[in-house]
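Structure first, commentary second.
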Number of protein chains: 2
Amino acid sequence: MPTIKDIATQAGVSIATVSRVLNNRGGYTEETRKKVMRVAENMNYYRNEMAAGLKKSAARIIGLIMPKSSTLFYGDIIEGLESVAQQRGYGVIIAHASGDGINLSEIISIMAERRVEGLVIASFALAQNVITQINGLPFPVVLVSTQSDDSIPYIKVDDEAAAFDATEYLIQHGHQKIAIAGPNVTDKIAGMTRIKGYERAMMKHHLPIDPNWIFYGDFSFEAGIHAMKHYFQLSNRPEAVFSVSDDTAIGIMNTAIQEGLQVPADIAVIGYDNTRVARMANPALTAISQPFFQMGEKAGNKIMSAAADNIPIQSEILPHTIVERQSV
Amino acid sequence: MPTIKDIATQAGVSIATVSRVLNNRGGYTEETRKKVMRVAENMNYYRNEMAAGLKKSAARIIGLIMPKSSTLFYGDIIEGLESVAQQRGYGVIIAHASGDGINLSEIISIMAERRVEGLVIASFALAQNVITQINGLPFPVVLVSTQSDDSIPYIKVDDEAAAFDATEYLIQHGHQKIAIAGPNVTDKIAGMTRIKGYERAMMKHHLPIDPNWIFYGDFSFEAGIHAMKHYFQLSNRPEAVFSVSDDTAIGIMNTAIQEGLQVPADIAVIGYDNTRVARMANPALTAISQPFFQMGEKAGNKIMSAAADNIPIQSEILPHTIVERQSV
DNA sequence: CTGAAAGCGCTTACAG
DNA sequence: CTGAAAGCGCTTACAG
């Protein structure tokens with residue numbers, strides 16, 4: 001590929017002048033500019049960002065790491081991040097780590113080697129060695145839709161409050177026997193906190209909780225199917241379910257409907273995330289909405305600002321909302 | 001950040017030796033190796049890929065461009081691509097272009113500037129100027145799930161054959177009055193070809209086509225809703241629908257069910273893509289399956305091979321299948 | 001086994 | 001307004 005040296009030779013100027021013209025630095029005649037530009041176009045020149053980045057010690061790249069097989073809502077995070085990056089001439093480089101975060105450390109190293117100016121990590125529970133590694137990194141890192149100890153900034157929704165609101169929403173719609181389906185016990189962020197919020201809402205309204213109503217799972221569609229089958233066998237069957245993901249909620253609804261129940265008449269269901277499957281459910285799913293696109297945008301903006309001004313990133317709790325549809 | 005020069009000073013060797021050790025090039029004593037490695041770790045050293053890439057003229061990056069707001073199946077393409085890339089130490093850098101491909105040319109330039117070793121472009125109808133630009137690029141480009149003229153290699157399913165199979169599947173299940181919903185007239189790849197396949201299947205089985213059965217759209221969920229509402233008003237109502245996307249198929253099913261119809265008893269529906277929403281539909285959606293993950297893998301492998309051996313990429317038609325569920 | 005040196009393609013102070 | 005030169009952090013032939 002042609003370099004500025006080739007252009008310089010062709011145009012009969014120095015590489016310094018070529019560089020100035022190409023970067024609009026000023027300090028050359030209009031005639032020089034035209035000549036250089038013409039030659040550059042004729043040669044089909046593309047500037048070498050690696051060389052420029054090396055010289056300027058700025059790769060203009062943001063890294064994004066997320067769990068494997070999670071077409072869930074990551075699309076929106078990617079798009080939000082990439083849109084603000086593109087606006088400022090940044091690129092975003094993506095890597096998937098296994099869901100358990102085993103190879104996370106290795107992938108973080110690769111990002112560091114590529115000299116990303118910042119890194120956003122989505123939805124992992126971070127092991128201690130990874131936290132240590134992150135704290136030693138010479139560029140900003142921000143967690144999205146997850147959190148760890150306070151050493152790493154995060155952008156997320158208040159899961160406990162959202163779970164509380166979801167449960168209370170069900171209560172306000174006349175339900176008393178309310179179950180919670182899908183949370184993972186070992187997940188301190190998205191699992192336990194949501195159970196807490198659920199319990200707090202029930203407590204506040206003096207509603208008893210039947211332990212059988214708490215059905216653990218892995219946030220999946222199948223978990224919803226299993227949950228509903230489990231509820232069917234209960235003598236004290238719940239009349240409403242707070243589901244910790246949209247997928248799980250849909251599994252619950254489909255199973256209930258296939259068994260002859262009506263949603264929401266016989267059993268009301270509220271989901272969590274408000275991914276695109278929510279409105280495609282039948283009945284359309286009422287759900288807690290997490291602003292994923294916005295999370296991606298915020299993460300990108302915070303990183304680019306932090307990289308530019310060398311200011312630490314502040315954590316941020318984003319507001320959740322309830323998108324009302326037909327399942328409650 | 002520390003450089004090999006810092007390590008060299010600390011370890012009391014030359015930068016050449018540091019480089020050799022760090023790259024496992026051999027040609028040093030075990031003692032030297034240990035000393036260098038120890039110093040490198042203590043300094044929290046991360047190699048600078050930009051510098052290495054500049055020197056070796058190989059960025060070890062693959063670019064991926066896809067349309068905005070398309071959480072549809074791109075997740076799988078990304079994962080497939082990224083998994084093979086990661087295996088070979090490549091990174092993947094992502095950019096979204098507006099759906100109409102307006103800013104595609106600019107984004108391709110940015111990819112070229114980052115010296116990607118290859119580029120995969122998903123699902124765009126390419127304008128002539130973009131085709132010209134691509135043909136002038138000094139690295140391999142491959143289209144995924146779309147195609148243009150024969151100058152650019154592609155990886156896709158045979159849309160016409162798949163549409164033919166979908167339609168014939170409906171016929172084999174006893175349906176005669178078959179509609180097609182959702183295709184975009186202006187889309188030469190995913191739109192017109194699928195209509196052709198549909199028509200060919202109907203023709204082969206001597207089944208008449210009522211022009212009212214062909215309902216154009218944009219592959220969206222809403223298009224399905226509109227399509228079904230349209231079919232409801234027909235005196236000659238179809239008893240089965242071939243939908244050009246899963247989303248559109250679900251729009252059709254939900255609308256039909258809400259109006260009291262049974263799926264598939266009153267109206268059978270077959271989708272296209274087999275994205276994750278298909279099995280979450282109620283009834284679960286029978287659909288043509290496109291192997292998106294595999295497409296991403298193939299694209300990545302072809303590009304890395306082409307970049308390594310400088311061999312042109314061969315187009316490839318991947319087999320589609322019909323995933324049978326409950327909607328037909 | 002090891003080091004000095006050239007060079008990848010840029011940017012940018014410095015001097016004129 | 002323009003150019004010569006240094007330098008970003010590496011890799012790699014060359015010489016010893």
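Order of the sequence lines fixes the chain letters, A, B, ..., with proteins taken first and strands second; residue numbering starts at 1 for each chain.
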Atom [atom1] of [X] and atom [atom2] of [N]: how far apart are they, to the nearest Å?
X	N	atom1	atom2	answer
B:Ile4	C:dT2	CD1	P	16 Å
B:Asn23	D:dG9	CG	P	17 Å
A:Glu49	C:dC8	CD	C1'	16 Å
A:Asp6	C:dG9	CG	P	8 Å
B:Leu22	D:dG9	CG	P	15 Å
A:Met50	C:dG7	CE	C1'	14 Å
A:Arg60	D:dC8	CZ	P	21 Å
B:Asn24	D:dC10	CG	C1'	16 Å

Sidechain-backbone polar pair: [X] side chain, [Y] backbone, donor-acceptor under 3.5 Å:
X	Y	result
A:Thr146	A:Phe124	yes
A:Asp6	A:Thr3	yes
B:Arg115	A:Arg47	yes
A:Gln147	A:Tyr154	no

Return the nearest nucleotide to the side chain of [X]; candidates are [options].
X	options	answer
B:Thr29	D:dC10, C:dG9, C:dT2	C:dT2
B:Arg25	C:dC10, D:dT2, D:dT12	D:dT12
A:Lys55	D:dA6, D:dC10, D:dA13	D:dA6
A:Thr17	C:dT11, C:dG9, D:dG3	D:dG3

Applying a 4.0 Å non-hydrogen cut-off, can you work out what [X] is touching in the nucleic acid: base, sugar-phosphate, or nothing?
X	answer
B:Ser19	base
A:Arg20	base
A:Arg47	sugar-phosphate

Distance below 4.0 Å between [X] side-chain N/O and [N] OP1 or OP2:
X	N	result
A:Tyr45	C:dC10	yes
B:Ser14	C:dG3	yes
A:Asn48	C:dC8	no

Donor-acceptor pair under 3.5 Å, A:Arg115 side chain vs D:dG9 base | no

With a 3.5 angstrom cut-off on both distances, give the Watson-Crick or G-U wobble partner of D:dA15, or none if there isn't one.
-> C:dT2

On DNA chain C, nearest-nucleotide positions of B:Lys56 versus B:Ala16: which is more 5'?
-> B:Ala16

Would A:Glu31 and A:Lys34 pass as an ion pair if we require N to O under 4.0 Å?
-> no

By nearest-nucleotide position on DNA chain D, the 5'-leaning member of B:Leu54 and A:Val13 is A:Val13

Just distance, no hydrogens or angles: give the donor-acceptor pairs under 3.5 Å from side chains in residues 53-66 of chain B, sequence neighbours left out.
{"unit_1": "B:Arg60", "atom_1": "NH2", "unit_2": "B:Arg88", "atom_2": "O", "d": "2.6"}

